[in-house]
Amino acid sequence: MNKNPYKDRQYVVDVDRKYSWHPFTQMKDYENVDPVVITHAKGIKLYDADGNEYYDTISSWWTSVIGHCDERINAAIIKQLSLIEHVNFSGFTHPYAAEVFENMRSILPDIYTRFFFSDDGSTAIEVALKMAFQYWQNIGKKDKTKFVMFNNAYHGDTMGATSVGGVDIYHKIYKPMMFDSYIVPAPYEHPRKSEFTYDARNEDFDPASLEQMRKVMEEHADEIAAVIVEPLIQGASGMRIYHPQYLTELKKLAEKNDILVICDEVATGFGRTGTMFAFEQAADFTPDIVAVAKGLTGGYMPMAITLTNEKIFMAFYGDFMSTFFHGHSYTANPLACAAANATIKILKEENLPKSNSVAMEYFHERLRELKEYDFVGDIRFLGFYGAIDIVKSRAEKELFSAETRIGLKIYRNSLKNGLVLRAIGEVIYWCLPLNVTIEEIDIIIDRSIKVIKETICQVSTKN
Ligand SMILES: *Cc1c(COP(=O)(O)O)cnc(C)c1O
């Protein structure tokens, strides 16, 4: 066993093919195609074992907020390693968690005073759901046990998160395992007035989009514990963007009906939507419980926080039976805390995302220009997220069939062009780091269009 896995690409591929089971992956797709062996990364670029480089246009599943292998975050983790790697977080605390609380407090509205650590987006959502549920149990409103969700929601893959998820391809099969939730149409599910969505915040808010929500809340207020939302953008269902006013109105309705609001900032937190948190963009929208994960550690380590206010916290404060009996082995892991503290410090010192708004707007401009292509069915953007729907023909609203696997083909071609371009169904999206440059945006968009055009050509000639 003298194999050096960093040098021997084929060795890694062989071992991977024999033993690995990749996430969200039909493993048979890799029978004749090798997974890419990434050996290192810097900034927005990934490097493979063959010496190729790739623009990571999806920020490694939306986690990396200021690029890979930032010297400052590296140094913070190395320094932390010399002190302590981990200690259980019940009965003990440590300065690194204290620093996380202070840092989070400094970028959040004052009302958020309590921070519960877990490991990733899904666990942060489990915590949020159980917290909301038990809140009502603890204060004696025992019938409030149900949740309201959007039909296309995505909140993670554990069972609670799956039960408030509505993306059929991920969730449907597990239906018999799930608890029932009230499902209402997502806010953007109304006919678009303009040809393209672009920046959904510029559309007129349509009060009708809230009608179903109002109905469910009013009719079932007695049994509803909380409503859960992805603020402004539903990521995994295809980067669907909606109007901030929806959230403002939602909060009013929730307050009127004594229902908690859980805000899933897992994909939107830490600057990705152009503000530190997406919920800030909606007036008078202060969710009761907020889940953050992905960007929290700059994409370095799995760590999440479910944060809430003193009112929720105090419902658990008292006798033994009102305890929140939930926790994970790696709660407040010091290495992850160090990464989070370094990340937040950089965002603050560099005034990100605001200080890079010129590049952000340039990105939007480049996306708008894509309207010239007939294969672009819609264009949407919010902060450093952008997405287009790929269609066969815009005028006829003709879609590629699912069997075409157009998204997978675009992804594979993108790799040949030094780019990681992932698709959600027929939606191609970009999720850029907050410090992306105009030069990088040009390269990314130019190459993306080349890849999409070529792929559509290949698919069309085959049919
Ligand atoms: C990714 C995601 C999750 C789940 O996070 P994991 O870290 O993958 O468990 C939850 N909610 C939203 C909105 C997400 O995008």
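For this chain, numbers begin at 1 and follow the sequence in order. When a ligand or atom number is given, it counts from 1 through the structure's own listing order.
- Of all atoms in ligand 1, listed by their number and element, those nearer than 4.0 Å to a heavy atom of Gly156 are 4 (C), 10 (C).
- Numbered from 1 in the order shown, with element, the atoms of ligand 1 that lie under 4.0 Å from a heavy atom of Asp264 read 10 (C), 11 (N), 12 (C), 13 (C).
- Not a single donor-acceptor pair under 3.5 Å links the side chain of Tyr135 to the backbone N or O of Ile312.
- Of all protein heavy atoms, the one lying nearest to atom 14 (C) of ligand 1 is Lys294 NZ, 2.9 Å.
- Salt bridge annotation for Arg272-Glu265: absent, with no cationic side-chain nitrogen under 4.0 angstrom from a carboxylate oxygen.
- Side-chain contact annotation: Asp119 with Thr123, donor-acceptor N/O pair under 3.5 Å absent.
- Between Arg17 and Glu31 there is no salt bridge, since none of the side-chain N atoms of the basic residue sits less than 4.0 Å from a carboxylate O of the acidic one.
- Under 4.0 Å from ligand 1, not a single heavy atom of Ala293 appears.
- Looking at Arg380 and Asp199, no side-chain N of the basic residue comes within less than 4.0 Å of a carboxylate O on the acidic one, giving no salt bridge.
- Electrostatic pairing of Glu361 and Arg368 does not count as a salt bridge here, judged by no charged N lying under 4.0 Å from a carboxylate O.
- For the ligand labelled ligand 1, residue Glu265 lies outside the 4.0 Å heavy-atom shell.
- Regarding atom 5 (O) of ligand 1, its nearest protein heavy-atom neighbour is Gly121 CA, 3.1 Å.
- Remark: ligand 1 atoms within the under-4.0 Å shell around heavy atoms of Ser122 are 4 (C), 5 (O), 6 (P), 9 (O).
- Heavy atoms of Asp120 found under 4.0 angstrom from ligand 1 belong to the backbone as well as the side chain.
- In this structure, Trp61 falls outside the shell of residues with a heavy atom less than 4.0 angstrom from ligand 1.
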